Amino acid sequence: MRRFFVENLNVDENGSCVISGSEARHMTKVIRMRRGDRFELMGGNGEHFLAVVSSVGPRGVRVEIERTLVFPAPSPVEITLCQALLRSDPMDYLIQKTSELGVDRIFPFFSSRTVAKIAAEKFDKKVMHWQGVAISAAKQCGRPLPARIFTPISLPELLAGFSGEDCSKVVLWEEEESTGLKKLLQESYKRERIIGMVGPEGGFSEDEIKMTKEGGFIPVSMGNRVLRAETAALTMVTLVQYEWGDLGKAGRSPR
């Protein structure tokens, strides 16, 4: 069944609401939904409903809520991904797939070896695009809420923002030889929150790794393979969800 997401979902006392904007255009112009068509409606606060189209007009699509859908509880571990900015397609792919895997927050940042460049005046437009990718991923996999994407900042600003965070913090570093991510996760007690950091295509510099250590991050390796940045991020999130989260557990209950 198709899913649609409305950030500010306003259901009236009669159990109806109007969907407008891009979702309404997609419903009417692309899918050509008509009166009587049923779909899943997702809201920005985690609401999930089974809804039916009651009318289609110039101001949007009016729908009626038939019943509330019960979704499984979120993963027991909250995952924040800090990703050095990548080129357009790899960054979109990373956001899409890590969103499907259950990442809660994604913080893009600039480092000394960042290749991709975005002018400051284009930040808002770019973040809006990335948030759209995350919303599409949430609709596709049926997660309660999409990942939240933040405005790109510098590495020092990023580290300063996490200085007071009481959680596990790891940074992937290809030159780390003593601490593997899998071993760290298996031998540490499970935490409710983890922040994982992944560098750009060219990796982190020695000075940047020193900065992350001073910021409370533990450098970890994922083995002998040299992975692309987006692949490394996906692998990291998968390992965290498998060891501390809900990956591999029984599927969702019937609605």
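Since this is a predicted model, take the numbers as computed values, not measurements.
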Non-hydrogen atoms of D246 and S75 that approach each other most closely: OD2-CA, 3.5 Å

Least distance between heavy atoms, F5 atom then P146 atom: CE1-CD, 3.7 Å

Main-chain N/O of E47 paired with N45 side-chain donor or acceptor, under 3.5 Å: no

Side chains of I194 and K169 in contact at under 4.5 Å (non-hydrogen atoms): no

For W244, the option from L185, I79, L239 that meets side-chain contact (heavy atoms from CB on, under 4.5 Å): L185

Test: R87 and E201 ion pair at under 4.0 Å: yes

Pair T235-T238, side-chain donor/acceptor within less than 3.5 Å: no

Between CD on residue E174 and CG on residue L227, distance to nearest 0.5 Å: 10.0 Å

4.5 Å side-chain heavy-atom contact, K126 and S88: yes

S20 side chain vs R59 backbone, donor-acceptor pair below 3.5 Å: no

Check: L101 main-chain N/O paired with Q241 side-chain donor or acceptor under 3.5 Å: yes

Any T212 side-chain heavy atom under 4.5 Å of W173 side chain: no

Minimal non-hydrogen separation, K139 against R3, with atom names: O-NH1, 2.8 Å

L158 and M197, any side-chain heavy atoms less than 4.5 Å apart: yes

Side-chain (E64) to main-chain (V52) donor-acceptor, under 3.5 angstrom: no

Test log, rule side chain to side chain donor-acceptor pair (under 3.5 Å), inputs E176 and S178: CA-CA 6 Å; E176 174 59 35; S178 60; 2.7 Å; yes

Any side-chain heavy-atom pair of K190 and E243 under 4.5 Å: no

Test item: L172 and V220 side chains (from C-beta on) under 4.5 Å apart, heavy atoms: yes

Shortest non-hydrogen contact between C82 and I195, atoms and distance: SG-CG2, 3.7 Å

Validation row: T179, P219 side chains within 4.5 angstrom (heavy atoms): no

Working for salt bridge (charged side-chain N to carboxylate O under 4.0 Å, His left out), residues D166 and R191: CA-CA 10 Å; D166 180 21; R191 302 292 297 271; 3.2 Å; yes

From CH2 (W130) to CD1 (I106), nearest 0.5 Å: 10.0 Å

Cluster link I153 to F150, ILVMFWY, side chain under 4.5 Å: yes

Same apolar cluster: V127 and F110, side chain cutoff 4.5 Å: yes

Residues that, via side-chain heavy atoms closer than 4.5 angstrom, fall in one hydrophobic cluster with Y189: none

Side chain to side chain contact (heavy atoms under 4.5 Å, CB included) between Q140 and S99, worked out: CA-CA 10 Å; Q140 188 278 325; S99 295; over 6 Å; no

Under 3.5 Å donor-acceptor, Q83 side chain and G199 backbone: yes

Aromatic ring pairing F204/F109, orientation class (parallel under 30°, perpendicular over 60°, tilted between): parallel

Check against side chain to side chain contact (heavy atoms under 4.5 Å, CB included), F4 and V63: CA-CA 12 Å; F4 295 91; V63 305; over 6 Å; no

Verify same cluster id: M33, V18 (apolar side-chain graph, 4.5 Å): no

Side-chain donor/acceptor of R193 to backbone N/O of C167, under 3.5 Å: no

Side-chain touch L234/T231, heavy atoms, less than 4.5 angstrom: no

Test side chain to side chain contact (heavy atoms under 4.5 Å, CB included) applied to L9 and F49, step by step: CA-CA 11 Å; L9 192 56; F49 302 107; 3.7 Å; yes

Joint hydrophobic cluster, I31 plus L41, side-chain heavy atoms closer than 4.5 Å: yes

Atom CZ of R105: over 12 foreign heavy atoms under 6.0 Å: yes

Shared hydrophobic cluster, M42 / I65 (ILVMFWY, side-chain heavy atoms < 4.5 Å): no

Side-chain (R34) to main-chain (V53) donor-acceptor, under 3.5 angstrom: no

